[in-house]
**Q** 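Dropping a structure here in structure tokens format, bear with me for questions.
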Amino acid sequence: MKRLLLAAVAASVVAVAMPVKPAEAQTMRIALREDPDILDPTLARTYVGRIVFASICDKLFDIDKDLNIVPQLATGFTWDDPKTLTITLREGVKFHDGETMDANAVVYSLNRHLNMQGSFRRGEINAMDRVEAIDAKTIRIHLKVPFAPFLAQLTDRAGMVVSPKAAEAAGRDFGLRPVCAGPFRFVERVAQDRIVVERFPDYWDKENVHLDRIVYLPIPDSTVRLANLQSGAIELTETIAATDIPAVQRNQWLRVAMGDELGYQGITFNIANGDRANTPIGQHAKVRQAFDYAIDRATIIQVVYDGHFTPTAQAVPPSSPYYVRSLTPPTRDVARARALLREAGVATPVRVELTVPNNPDMRQVGEVIQAMAGEAGFQVTVRAMEFASSLQAAQRGDFEAYLVGWSGRTDPDGNLWNFVHSRGAQNDGKYANAEVDRLLDASREESDQEKRVAIFERMYRHYITEDRGRLYLWHRKNIHAYSARVQGFVPVPDGLIRVKGVRLAAN
């Protein structure tokens, strides 16, 4: 069906003209902006993958619409001391393969996240020294040092519990058929086409699950996503273009929910990840500073996003209690940019390849940056890649500059350590600064909010002001658009689509 809809939109930019078969009762179709990467919570990186995980993999804890940490597979916790956390577990929980979720399964999953080769969760929970099962429904986590963000880390993929039996049997192929303890179980995946999950009848909170099946459809083109929503071919889209908000608001059969996200959009530079780091922008902080002065965040946001987003120079939004008020984006200054290039002693034009995810708004952002930087002495080439492929390319160092976003976490450590620390699993540019490492480590051990903000301010002075290790560009908004048939949907600032409590009204 999706291919027919795509073809229809290609033939007519207005809307899908072909008749659409009504959705089955309580089958909801959700459009994603791209295809997720591997569906293994230990190895996954993509934001859209987290949306799928929200239906199949419950976590020890979750967050609510007010960013409170709430129990999910856990029932409660106590800090016995600053380095010892005891968690009690919910009874009667089954994995999708029928196995019982108990303390041993949680111990297995946490150790898997910490120790599995290639784990992207390691940097999130590497303060953990060991975890033990006290009894079937109790675990105790011993930390190496006090670690303020630890509980918050367990509200996302690091807190997801997988079936040990299934994980051991599948090994590295677990992501091809994940087995967790969420309200829905995995059915099938066709790459670049669909992911299908169905209601798990033995789910511990099955009374709050009303949908029978969910079909996730990766649709990179925002125009196509909107057309599918308008035609009734999907019931909800993870996001729409900010420029499409008025069209949704004018349609009596559609709804839109919009709120600030927790993360950011930025540019990662390849500073020391292989041969492709050997470029002027990779090797010279002044060249990166010049690039920063060459662009105008507010203009980009106005041109591409109708002014809906918020310019930034840091990893957390202004609504965060950890926002550093003294750190603001630089004003565009082409003359200053050219002067910095002269000071760096590099020949102009400075060639930069900018990798962007292959969707319309990111391509447009790349083109605007290309034009702006060109006025300051840069020659930017825009390289558009399928998103999961671009992540893989970044990881292996196949990039010079990479325009990429992060959906964000409730604690700023989730937006920083893994990407900035020299040992961070997602530090794709291999930026390294011993003082930055020290400050990031210190922020994890400090529980006083005011003191943590002061630590982050000092860290940014080195990482952003002096080194320009990354450019933070703006904080986006979560823009969910959905059919009026969708009932019980509660938007949460992390942007994930939680499907418990959601139902479809009759046509």
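The first residue of the sequence shown is numbered 1, and numbering continues consecutively from there.
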**Q** Taking the basic N atoms (NZ, or NE/NH1/NH2) and the acidic carboxylate oxygens, is any pair closer than 4.0 Å for Asp40 and Arg177?
**A** no
**Q** Holding to side chain to side chain contact (heavy atoms under 4.5 Å, CB included), I want the full list of residues that pass it with Thr410, two or more places apart in sequence or in another chain.
**A** Ile63, Leu67, Ala152, Leu262
**Q** How many angstroms lie between CD1 in Ile234 and CZ in Arg29, if you round to the nearest 0.5 Å?
**A** 8.5 Å
**Q** When you check the gap from the basic side-chain N to the acidic O, do Lys500 and Asp205 get nearer than 4.0 Å?
**A** yes
**Q** Please say whether the positively charged group of Arg444, taken as NZ for Lys or CZ for Arg, lies over the ring of Phe147, i.e. under 6.0 angstrom from the six-membered ring centre and within 45 degrees of the axis.
**A** no
**Q** Do other residues, nucleotides or ligands put more than 12 heavy atoms under 6.0 Å from the CD atom of Glu188?
**A** yes
**Q** If we ignore hydrogens and angles and just use 3.5 Å, is the side chain of Asn427 paired with the main-chain N or O of His421 as donor and acceptor?
**A** yes
**Q** Look up atom NZ in Lys65 and atom CG in Asp494, then write down how far apart they are to the nearest 0.5 Å.
**A** 13.5 Å
**Q** Give a yes or no on this: more than 12 heavy atoms of other residues, nucleotides or ligands lie within 6.0 Å of atom CH2 of Trp253.
**A** no
**Q** State whether the side chain of Asp244 and the backbone N or O of Ile240 hold a donor-acceptor pair below 3.5 Å, judged by distance alone.
**A** no
**Q** Closest heavy-atom contact between Met160 and Cys57?
**A** SD-CB, 3.7 Å
**Q** Against the six-membered ring of Tyr322, is Arg452 placed for a cation-pi contact (under 6.0 Å from the centre, within 45° of the normal)?
**A** yes
**Q** Side chains of Glu235 and Tyr482: closer than 4.5 Å at any heavy-atom pair?
**A** no
**Q** Do Phe387 and Asn358 pass the side chain to side chain contact (heavy atoms under 4.5 Å, CB included) test, and can you show the C-alpha distance, the side-chain angles, and the key distance before you say yes or no?
**A** CA-CA 7 Å; Phe387 182 59; Asn358 190 20; over 6 Å; no
**Q** Do the charged groups of Glu132 and Arg130 touch, with an N to O distance under 4.0 Å?
**A** yes
**Q** Please give me the minimum heavy-atom distance between Pro71 and Phe61, naming the atom from each residue.
**A** CA-CD2, 3.8 Å
**Q** With ring centroids as reference points, do His475 and Tyr264 lie under 6.0 angstrom apart?
**A** no
**Q** What I want to find out is whether Asp156 reaches Arg50 closely enough, with some N-O distance under 4.0 Å, to be called a salt bridge.
**A** yes
**Q** Spell out, as yes or no, whether a donor-acceptor pair under 3.5 Å connects the side chain of Ser55 to the backbone of Val52.
**A** yes
**Q** Within 45 degrees of the axis of the six-membered ring of Phe489 and under 6.0 Å from its centre: does Arg498 put its NZ or CZ there?
**A** no
**Q** Determine, stepwise, if the pair Leu110 / Ile139 fulfils side chain to side chain contact (heavy atoms under 4.5 Å, CB included).
**A** CA-CA 11 Å; Leu110 287 173; Ile139 66 165; 4.1 Å; yes
**Q** Can Asp202 and Lys94 be counted as an ion pair, charged N to O under 4.0 angstrom?
**A** no
**Q** Backbone N or O of Lys59 within a donor-acceptor pair of the Gln72 side chain at under 3.5 Å?
**A** yes
**Q** Evaluate the criterion side chain to side chain donor-acceptor pair (under 3.5 Å) for residue pair Asp437 and Ser422; output intermediate values, then yes/no.
**A** CA-CA 7 Å; Asp437 284 357; Ser422 62; 2.5 Å; yes
**Q** Please check if the side chain of Asn68 supplies one atom and the backbone of Asp64 the other of a donor-acceptor pair under 3.5 Å.
**A** no
**Q** State, to 0.1 Å, how close Val453 and Tyr323 come at their nearest heavy-atom pair, and which atoms those are.
**A** CG1-O, 4.4 Å
**Q** Would the distance check show the side chain of Arg194 and the main-chain N or O of Tyr216 forming a donor-acceptor pair, the cut-off being under 3.5 Å?
**A** no
**Q** Show the nearest heavy-atom pair for residues Phe184 and Val499, with the distance to one decimal.
**A** CE1-CG2, 3.6 Å
**Q** Check this for me: Lys430, atom NZ, are more than 12 non-hydrogen atoms of other residues, nucleotides or ligands nearer than 6.0 Å?
**A** yes
**Q** Using a 3.5 Å distance criterion without hydrogens, assess whether the side chain of Asp306 forms a donor-acceptor pair with backbone atoms of His308.
**A** no
**Q** Quick one: do Lys144 and Asp129 make a salt bridge, cutoff under 4.0 Å?
**A** no
**Q** What residues form a side chain to side chain contact (heavy atoms under 4.5 Å, CB included) with Gln392, not counting sequence neighbours?
**A** Arg396
**Q** Tell me whether Asp58 is salt-bridged to Arg90, with the criterion being a basic N under 4.0 Å from an acidic carboxylate O.
**A** no
**Q** Can you tell me if Asn415 uses its side chain to pair, donor with acceptor, with the backbone of Gly263 under 3.5 Å?
**A** no
**Q** Does the pair Glu198/Arg185 count as a salt bridge with the N-to-O cut at 4.0 Å?
**A** yes
**Q** With side chain to side chain contact (heavy atoms under 4.5 Å, CB included) as the test, pick out the partner of Ile125 among Leu114, Val131, Leu143.
**A** Leu114
**Q** Are Val162 and Tyr108 close enough, and set up right, to give a side chain to side chain contact (heavy atoms under 4.5 Å, CB included), and what steps lead you there?
**A** CA-CA 8 Å; Val162 303; Tyr108 174 88; 4.2 Å; yes
**Q** Taking the side chain as C-beta and beyond, is there a heavy-atom pair between Pro491 and Asn478 under 4.5 Å?
**A** no
**Q** Do the charged groups of Arg33 and Glu238 touch, with an N to O distance under 4.0 Å?
**A** yes
**Q** Could Arg45 and Asp37 be called an ion pair, given the rule that one side-chain N must be under 4.0 Å from one carboxylate O?
**A** no
**Q** Specify the closest pair of heavy atoms between Met28 and Val486, including all atoms of both residues, with the distance to one decimal.
**A** SD-CG2, 4.1 Å
**Q** More than 12 foreign heavy atoms under 6.0 Å from CZ of Arg255: is that the case here?
**A** yes
**Q** Which of these, His113, Arg157, Arg121, Gln117, sits in a side-chain hydrogen bond (donor to acceptor under 3.5 Å, both in side chains) with Thr42?
**A** His113
**Q** Between Arg140 and Asp80, does any NZ, NE, NH1 or NH2 come within less than 4.0 Å of an OD or OE carboxylate oxygen?
**A** yes
**Q** Can you tell me if Ser119 uses its side chain to pair, donor with acceptor, with the backbone of Asn115 under 3.5 Å?
**A** no
**Q** Checking Thr88 side chain against Gly76 main chain: does a donor-acceptor pair fall under 3.5 Å?
**A** yes
**Q** Could you report the tightest heavy-atom contact between Gln487 and Ala505, atom names first, then the distance?
**A** NE2-CB, 3.4 Å
**Q** Quick one: CG on Asp35 to CD on Gln192, what's the gap to the nearest 0.5 Å?
**A** 4.5 Å
**Q** For the OG atom of Ser483 and the CG atom of Leu229, what is their distance to the nearest 0.5 Å?
**A** 7.0 Å
**Q** Is any side-chain heavy atom of Leu473 closer than 4.5 Å to one of Ile267?
**A** yes
**Q** Please walk me through it: do Trp474 and Tyr305 pass ring-ring contact (aromatic ring centres under 6.0 Å, His included)?
**A** CA-CA 11 Å; Trp474 56 79; Tyr305 301 108; 5.7 Å; yes
**Q** For the aromatic rings, using the six-membered ring if either is Trp, is the centroid distance between Tyr463 and Tyr431 under 6.0 Å?
**A** yes
**Q** Carefully, step by step, assess Phe53 and Leu496 under the rule side chain to side chain contact (heavy atoms under 4.5 Å, CB included).
**A** CA-CA 9 Å; Phe53 283 133; Leu496 303 188; over 6 Å; no
**Q** Side chains of Asn433 and Asp467 only: does a donor on one sit below 3.5 Å from an acceptor on the other?
**A** yes
